[in-house]
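Data block below; observations after.
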Number of protein chains: 2
Amino acid sequence: MFRLAAKMDARSKLLDAALSVIRHKGYSASTVDELCAAAGVTKGAFFHHFRSKDALGVAAADHWSETTSALFAEAAYHRHADPLDRVLAYVDFRKSLLQGGVSDFTCLVGTMVQETYETAPEIRDACDRSISGHAATLVADIEAAMAERGMVATGWTAQSLALHTQAVLQGAFILAKAKGGAEVAADSVDHLRRYIELLFGRVPASQPAHTSTSA
Amino acid sequence: MFRLAAKMDARSKLLDAALSVIRHKGYSASTVDELCAAAGVTKGAFFHHFRSKDALGVAAADHWSETTSALFAEAAYHRHADPLDRVLAYVDFRKSLLQGGVSDFTCLVGTMVQETYETAPEIRDACDRSISGHAATLVADIEAAMAERGMVATGWTAQSLALHTQAVLQGAFILAKAKGGAEVAADSVDHLRRYIELLFGRVPASQPAHTSTSA
DNA sequence: TTCTATACCGACTAGTTGGTATGTAGACTG
DNA sequence: CAGTCTACATACCAACTAGTCGGTATAGAA
């Protein structure tokens, strides 16, 4: 039997609904009844497919990983010939995603891990897999950009820079939630881009002039 | 009647307990009964001092602002003569705070705003006040550092850089929660320091050598 | 002393919570 | 065509939830 992706069974509907509801209200405040209502299924269906609410949380994080993986895999930023251009285009792509309402562009797993890191280790691990797995997709390009320039980074690695990009994005989402808009997040992503440009010795598009020679 | 700060009335005990409990479990998952138990007070005392759980959330965010304001106001990083040194020393101070368990160094308001930004506007605003107010304490030093160098920043402002430092820290906390340790957060703070050094034309302590002249 | 206001107590409640028990419609199997 | 399995649906429950309410203790004012 072929499991068609288009077939929206109760499980798929619940996972899609979970992405939306949890991004709006957080994990703890999202009730099973509410998730069922949003998915248009009954509670019986919920507990048929998931042992518990926490099990749904883990599945939702995995579902998020798959959804976002697909989005980034087909994105155009990979097409650049130069690896540094690919990294910068990734940052630009992330900035371009900051559209619509705050709950439309913020990160499910970043939200969930804040609430569950101590109380639900399985969810925390699923969130870590999602974030760290996504960061890992950047490492090869960063390493190539370093190698191309003969850079021997001391004090940081391609891995740590990749994780730093995710930290900036997650933090930008928090500021966007606090301020109720995407602008502050876009500003932070701009700073991230500028950092990467400076780090690799490329002069940022609109770099301030230094007129004094202090220090 | 003088209200002594040392007098631990039920209200103060509840606020202190709230900082701890909410940082461990998040806001939604922290029940009123649990907050009372942690504070060693009864439910009657809780609702005598706070109209609702959300009202406690707002008060806890304000209490957090006061507590952290005091901590940073007396910190030594202000003593540097050069404003850029003060900014960098602030970053170093933030890194030095990444000690102990994850719940000991992560941010209350960053956690709370993730859960409440859509459902409890009063809490969201209190969290925004806390984050933005703290960021504002950095603006004067950043502006002074810019002015000292005759920098005319295009594309960013002292305000946006100050907010970016908070974004990096908040994101670093999320990664620390996901990975269960402070190391990844410290790495991100290192990247933040390096960015500020590069931005102000100061060569980072251990900057990688560029051997090629691409671009 | 009496009045009043504040601070606190703890039993209670109405509604909600995650989870269960049982039933059943349809597809597949022999 | 009886038997079995999956994929749900419905009714239900014990525990928990935020919030209420009548009461008590104490201190200062009159």
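In what follows, chains are A, B, ... by sequence order, proteins preceding strands, each numbered from 1.
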What does the B/S/- profile of nucleotides 14-21 of chain C look like, 5' to 3', with a 4.0 Å heavy-atom cutoff to protein?
---SBBB-

Nearest of dT6(C), dC9(C), dC8(D) to any side-chain atom of A45(B)?
dC9(C)

Relative to the ring of F200(B), is the ring of W156(B) parallel (under 30°), tilted (30 to 60°) or perpendicular (over 60°)?
perpendicular

Any sub-3.5 Å donor-acceptor pair from E115(B)'s side-chain atoms to S28(B)'s backbone N or O?
yes

Please state whether the rings of H164(A) and Y195(A) are parallel, tilted or perpendicular, taking 30° and 60° as the class boundaries.
perpendicular

Phosphate OP1/OP2 of dT6(D) contacted by H48(A) side-chain N/O (<4.0 Å)
no

What's the CZ-P distance between R11(A) and dT6(D), to the nearest Å?
15 Å

Between Y90(A) and Y77(A), how do the two ring planes meet: parallel, tilted or perpendicular, split at 30° and 60°?
perpendicular

How long is the line joining CG of D9(B) and P of dT26(D), in whole Å?
17 Å

Atom-pair distance (CZ on F50(A); C1' on dA7(D)), nearest Å
13 Å

Protein-nucleotide distance (E34(B), atom CD; dA15(D), atom P), rounded to Å
18 Å

For DNA chain C, which residues in residues 118-127 of chain B have a heavy atom at a distance below 4.0 Å?
none

Looking at dG10(C), dT6(D), dA9(D), which one has an atom nearest to any side-chain atom of T42(A)?
dA9(D)

Across all chains, not counting sequence neighbours, the salt bridge (charged side-chain N to carboxylate O under 4.0 Å, His left out) partners of R193(A) are D92(A), E197(A)

Let me know the distance between CG of L35(B) and P of dT17(D), rounded to the nearest Å.
11 Å

Can you confirm whether Q159(A) sits close enough to I142(A) that some side-chain heavy atom of one is under 4.5 Å from a side-chain heavy atom of the other?
no

Given 3.5 Å as the limit, does a donor-acceptor pair link the side chain of H78(A) with the main chain of F72(A), or not?
yes

Any donor and acceptor pair, going by atom type alone, linking the side chain of S65(A) with main-chain N or O of A61(A) inside 3.5 Å?
yes

Is it the case that K53(B) places NZ or CZ above or below the six-membered ring of Y27(B), under 6.0 angstrom from the centre and within 45 degrees of the axis?
yes

